[in-house]
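Chain A is the first sequence line, chain B the second, and so forth, proteins listed ahead of strands; every chain is numbered from 1. On a predicted model such as this, the values are computed, not experimentally measured, just so you know.
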Amino acid sequence: MNFQVYDSLRRTKRVFEPAEPGKVRMYHCGPTVYGEAHIGNFRSFLFADALRRWLELSGFEVTQVMNITDVGHLRDDDPEGGEDKLESLARKTSRDPWEIAAHYTDVFLGDVDLFRIRRAHHYPRATEHVPQMIAQIEQLIERDHAYVTDEGQVVYSVPSYADYGRLSGNTGDDLLPGARVEVGSDKHDPRDFYLWKKDPHHLMQWDSPWGRGFPGWHIECSAMGQHLLGTTLDIHTGGEDNVFPHHECEIAQAEGATGETFVNYWMHARFLQIDGGKMSKSLGNLYTVRQLAEMGHPPEAVRFALLRSHYRQVLNFTFAGLEEAAANVRKLRHFAEEMRDAAHGAEAGAAPEWLTRCVRRFDDAMNDDLNLSGALDGVFSLLHEARRHEAQGADAAAALAALQRFDQIFDVLRESPAADDAEFAAQVDALIERRAAARAAKDWAAADALRDELAALDVELLDGKDGKVTWRRTSSNANG
RNA sequence: GGCGGCAUAGCCAAGUGGUAAGGCAACGGAUUGCAAAUCCGUCAUCGUCGGUUCGACUCCGACUGCCGCCUCCA
């Protein structure tokens with residue numbers, strides 16, 4: 001079965017075929033670095049990561065680009081008082097906007113690593129690609145898709161691009177009455193948007209053929225995307241809120257400048273909600289991924305919680321769900337250990353029928369527009385079937401291999417850097433020995449007390465047959 | 001006002017024109033000194049009302065609720 005992708009532009013699922021066989025060029029709308037990324041951002045980034053991982057697992061050679069917006073976006077409907085977020089933050093904190101952007105870029109990349117997101121091949125900074133943006137703006141002027149105002153601002157002419165509105169359905173004819181009333185605007189059409197702006201109060205300024213100024217809010221993605229990946233990208237992703245106006249404008253810019261298709265497959269991740277409602281700062285339910293980590297939630301649990309539902313469905317984030325995800329991660333790890341033991345060092349043999357079925361279930365779901373929820377059916381079926389068939393030797397090794405392959409997507413199996421040490425193990429073993437003695441003496445109260453003591457250390461006992469006792473940590477957070 | 005999406009068991013969450021995956025929780029059984037882990041089993045007719053159809057939860061319409069975009073938020 002081929003990989004099918006839901007294309008937001010055509011509003012239908014299509015078989016994915018990259019422009020160049022075997023190679024995928026994809027672009028993701030990344031963070032605006034004036035603050036820490038929250039879990040909503042990370043849902044979108046984790047989706048992009050899972051997409052990349054599945055493509056790679058499917059044998060594609062992927063080149064991934066994620067922009068870092070360090071200029072900020074100017075408001076377009078309020079040229080007088082318009083202020084960019086980086087600037088306002090800079091004014092409030094009396095810090096240099098460049099410093100702020102650099103700081104939060106580092107924080108972001110740290111979060112990326114912490115949450116095991118594979119690093120993109122390029123993280124272009126908008127501030128480092130102003131020449132490319134200027135070049136694209138020049139192309140647009142040449143091709144009559146943009147005009148220069150008397151003040152030297154450059155504006156994209158929406159009426160010049162017939163397909164405007166194809167992605168979002170927003171042709172712009174019926175925009176909210178009043179919202180786009182221009183005050184002293186120099187635009188020819190209310191829908192037109194700025195490519196190059198001027199504002200003496202803006203802290204970040206660059207020279208251009210039209211004088212000192214700064215780029216508009218959409219040009220960075222089309223310019224950097226095409227600069228790094230070529231005229232046509234295979235896949236472009238972002239959050240659903242990017243559809244309009246951002247991606248609509250990107251298409252108008254990129255295709256206006258080159259006359260060629262900008263993106264073959266548009267993929268948009270839906271928002272997540274918190275406890276069934278919207279997430280917002282004012283409701284006090286906006287969490288950054290750092291906060292979750294600081295609360296002691298292991299990154300693997302957060303990954304699992306954000307990956308286990310389909311990217312095109314609203315995801316309901318709850319702390320109960322996060323705990324559940326952590327329990328699932330532990331379950332998977334325990335199963336991996338079990339299979340490792342049961343394999344007795346055997347090589348993976350030919351997959352038994354039950355295993356093939358689980359793998360097929362997983363692959364089919366993944367190929368169906370990255371249906372991670374459906375894929376989990378395959379994952380948990382594997383646990384169930386392997387235990388039911390009491391997989392041993394080569395079968396167990398094969399089951400483990402299958403699980404590890406699934407984990408190429410989820411990446412939750414490996415422990416965070418272990419805090420384990422010999423001293424702790426010795427302490428645990430001593431307690432287990434005392435418990436064994438108590439049990440031998442049928443002093444159940446003492447035995448249970450020792451078990452509780454071990455539980456307090458996050459140690460779970462596994463009483464096997466023949467009195468063999470093994471133990472494992474219940475916390476999947478080995479950093480704790 | 002314009003554009004778009006969602007509504008599946010206590011919770012999370014897939015899916016299909018022919019009678020609904022999986023996870024968590026719960027319950028019964030096996031196992032256990034008791035537990036844990038594991039195994040076996042139980043647990044929904046798919047927001048409401050109409051329509052199309054031999055047959056719909058899946059298609060269409062209306063309604064209700066929720067969510068997103070149209071002010072820089074993934």
Side-chain angles (χ1 to χ4, degrees), chain A residues 8 11 28-32 34 37-48 69 71-78 82-86 165 168-180 191 216-218 237-246 248 268-273 276-281 286 304-305 308-318 320-325 327-328 331 334-335 338 361 365 368 371-381 383-384 387-388 390 439 442-445 447-448 451-452 455 460-465 470-472 474:
Chain A
S8 308
R11 290 156 207 260
H28 314 288
C29 276
T32 303
Y34 57 69
H38 58 251
I39 52 178
N41 298 314
F42 264 71
R43 180 198 194 177
S44 169
F45 301 153
L46 280 167
F47 151 64
T69 299
V71 176
H73 295 313
L74 254 202
R75 49 195 314 152
D76 160 75
D77 59 338
D78 187 10
E83 193 169 33
D84 143 328
K85 280 198 176 176
L86 272 177
S168 64
N170 268 325
T171 56
D173 296 334
D174 8 272
L175 291 171
L176 184 63
R180 288 293 181 115
R191 297 172 299 166
W217 23 317
H218 308 301
T237 77
E240 59 172 322
D241 60 325
N242 284 146
V243 171
F244 189 86
H246 189 54
E248 194 73 75
H268 292 98
R270 305 227 56 174
F271 270 36
L272 69 70
Q273 301 186 353
K278 67 172 89 175
M279 173 175 76
S280 81
K281 226 170 212 167
L286 190 147
F304 200 85
R308 66 181 164 164
S309 66
H310 192 109
Y311 76 91
R312 280 194 292 117
Q313 285 289 333
V314 171
L315 179 153
N316 188 22
F317 180 89
T318 62
L322 186 54
E323 295 294 340
E324 191 188 310
N328 278 328
K331 198 168 161 178
H334 295 163
F335 175 72
E338 231 175 279
R361 177 83 184 97
D368 183 12
N371 184 351
L372 286 157
S373 301
L376 279 175
D377 181 16
V379 175
F380 285 105
S381 297
L383 270 63
H384 188 247
R387 283 166 169 158
R388 199 165 68 85
E390 295 176 1
R439 294 180 79 197
K442 295 200 192 294
D443 182 354
W444 307 127
D448 289 352
R451 186 168 62 199
D452 290 345
E460 175 185 46
L461 299 180
L462 300 172
D463 288 333
K465 308 259 181 202
T470 53
W471 63 277
R472 62 194 181 192
T474 48

From NE2 of H268(A) across to C1' of rC3(B) the rounded distance in Å is 14 Å

Side chains of D463(A) and R439(A), heavy atoms from C-beta outward: is any pair under 4.5 Å?
yes

Using atom P of each nucleotide, how far apart are rA13(B) and rC70(B) to the nearest Å?
25 Å

Q) Can any side-chain N or O of T237(A) pair as donor or acceptor with the backbone N or O of H268(A) at less than 3.5 Å? A) no

Of rC69(B), rA74(B), rC24(B), the nucleotide closest to the side chain of H38(A) is rA74(B)

From CG of D368(A) across to P of rG22(B) the rounded distance in Å is 18 Å

Please work out if N316(A) contacts a base, only the sugar-phosphate, or nothing of the nucleic acid, heavy-atom cut-off 4.0 Å.
sugar-phosphate

Taking every heavy atom of A365(A) against every heavy atom of G374(A), the minimum-distance pair comes out as CB-C, 3.5 Å

For rA74(B) and N41(A) - does any side-chain N or O of the residue sit under 4.0 Å from the phosphate oxygens OP1/OP2?
yes

Look at all strands and tell whether D463(A) reaches a base, only sugar-phosphate, or nothing, counting heavy atoms closer than 4.0 Å. base

Review point. With a non-hydrogen cut-off below 4.0 angstrom, is L272(A) in contact with a base, only sugar-phosphate, or nothing?
Key: base

Any N/O donor-acceptor pair, R191(A) side-chain to rC70(B) base, under 3.5 Å:
no

Pick base, sugar-phosphate or nothing for H384(A), based on heavy-atom distances below 4.0 Å to the nucleic acid.
sugar-phosphate

**Prompt:** At under 4.0 Å, does any side-chain N or O of Y34(A) touch on OP1 or OP2 of rC73(B)?
**Reply:** yes

Exercise. Considering only atom C1', compute the distance from rC43(B) to rA21(B) and round it to an integer number of Å.
Key: 15 Å

| request: Determine if F271(A) stacks with rA74(B); use a centre-to-centre distance below 5.5 Å and an interplanar angle below 30° as the criteria. | output: yes

Among rA21(B), rG33(B), rG22(B), the one nearest any side-chain atom of F380(A) is rG22(B)

As its Watson-Crick or G-U partner within any shown strand, both distances under 3.5 Å, rC69(B) has rG2(B)

pair_partner(rU42(B)), Watson-Crick or wobble, both distances < 3.5 Å, evaluates to rA26(B)

*Select base, sugar-phosphate, or nothing to describe what R387(A) touches, counting heavy atoms under 4.0 Å on all strands.*
sugar-phosphate

Can you find an N or O donor on one side and an acceptor on the other, under 3.5 Å apart, linking the side chain of R451(A) with the base of rA36(B)? no

Heavy-atom nearest pair, F45(A) first then P31(A), reads CZ-N, 3.8 Å

Provide the distance between the two P atoms, one in rG23(B) and one in rC40(B), to the nearest whole Å.
11 Å

key: Phosphate OP1/OP2 of rG68(B) contacted by K278(A) side-chain N/O (<4.0 Å)   = yes

Check your understanding: Touch check for R388(A), heavy atoms < 4.0 angstrom, all strands: base, sugar-phosphate only, or nothing?
Key -> sugar-phosphate

Nearest heavy-atom approach of H310(A) to D368(A) is CE1-O, 4.4 Å

Closest of rU38(B), rC70(B), rG33(B) to the K331(A) side chain is rU38(B)

Between CG of L461(A) and P of rA37(B) the distance, given in whole Å, is 12 Å

- Query: Within the structure shown, what part of the strands sits under 4.0 Å from E240(A) by heavy-atom distance: base, sugar-phosphate, or nothing?
  - Reply: sugar-phosphate

Pairing partner of rA56(B), by Watson-Crick or G-U wobble and under 3.5 Å for both distances, is none

side-chain contact (heavy atoms from CB on, under 4.5 Å) between F304(A) and L376(A), intermediate numbers included | CA-CA 10 Å; F304(A) 200 85; L376(A) 279 175; 3.7 Å; yes

On RNA chain B, more 5' by nearest nucleotide between V314(A) and R11(A) is R11(A)

Between S309(A) and S373(A), the two heavy atoms sitting closest are CA-OG, 3.1 Å

Inset, instruction - Under 4.0 Å between any heavy atoms, over every strand shown, what does K442(A) touch: base, sugar-phosphate, or nothing? Just pick one. - result: nothing

Does any donor-acceptor pair link the side chain of D241(A) with the base of rG4(B) at a separation under 3.5 Å?
no

Atom NE2 of H246(A) and atom C1' of rU71(B) are separated, to the nearest Å, by 16 Å

Whole-angstrom distance between rA7(B) and rC60(B), as gauged at atom P = 14 Å

- How is R308(A) classified with respect to the nucleic acid when contacts are heavy atoms under 4.0 Å: base, sugar-phosphate, or nothing? sugar-phosphate

To the nearest 0.5 Å, atom CZ of F47(A) lies from atom NE2 of H28(A) at 8.0 Å

L372(A) atom CG is separated from rC12(B) atom P, nearest whole Å, by 19 Å

From CD of E324(A) across to P of rC24(B) the rounded distance in Å is 7 Å

Suppose you measure atom P in rC73(B) against the same atom in rC46(B); what distance do you get, rounded to whole Å? 42 Å

Picking from rG23(B), rG22(B), rA14(B), the nucleotide nearest the side-chain atoms of R361(A) would be rA14(B)

Contact class for G321(A) vs. all strands (heavy atom < 4.0 Å): base, sugar-phosphate, or nothing?
-> nothing

Identify whether any heavy atom of H310(A) sits under 4.0 Å from a base atom; if not, whether one sits that close to sugar-phosphate; answer base, sugar-phosphate or nothing.
sugar-phosphate

Under a 3.5 Å limit on both distances, the Watson-Crick or wobble mate of rG33(B) is none

If the C1' atom of rU71(B) is compared with that of rA20(B), how far apart are they to the nearest Å?
43 Å

Mind checking V243(A) for me? I need base, sugar-phosphate or nothing, with any heavy atom below 4.0 Å counting as a touch.
nothing

Separation of rG23(B) atom P from L315(A) atom CG, nearest Å, is 19 Å

Open item on the list: I'd like the P distance from rG10(B) over to rU48(B), given in whole Å.
Closed with: 13 Å

Check your understanding: What is the nucleic acid contact for Q313(A), judged by heavy atoms within less than 4.0 Å: base, sugar-phosphate only, or nothing?
Key -> sugar-phosphate

inquiry  = Are the side chains of H246(A) and C29(A) in contact, using a 4.5 Å heavy-atom criterion?
reply    = yes

### Query
So does N242(A) get a side-chain nitrogen or oxygen closer than 4.0 Å to the phosphate oxygens (OP1/OP2) of rC73(B)?
no

RNA chain B nearest-nucleotide lookup for D448(A) and P31(A): closer to the 5′ end is D448(A)

Partner of rA62(B) under the Watson-Crick or G-U wobble criteria, both distances under 3.5 Å, comes out as rU48(B)

Side-chain atoms of P245(A) come closest, of rC70(B), rC34(B), rG23(B), to rC70(B)

R312(A) atom CZ is separated from rA7(B) atom P, nearest whole Å, by 12 Å

task: Could you tell me whether R191(A) and E248(A) make a salt bridge, using a distance below 4.0 angstrom between a side-chain N and a carboxylate O?
output: no

Quick note, S309(A) side chain, CB onward, closest among rA74(B), rA13(B), rA35(B) is rA13(B)

Work out how far the C1' atom of rC11(B) is from that of rA25(B), and round it to whole angstrom. 8 Å

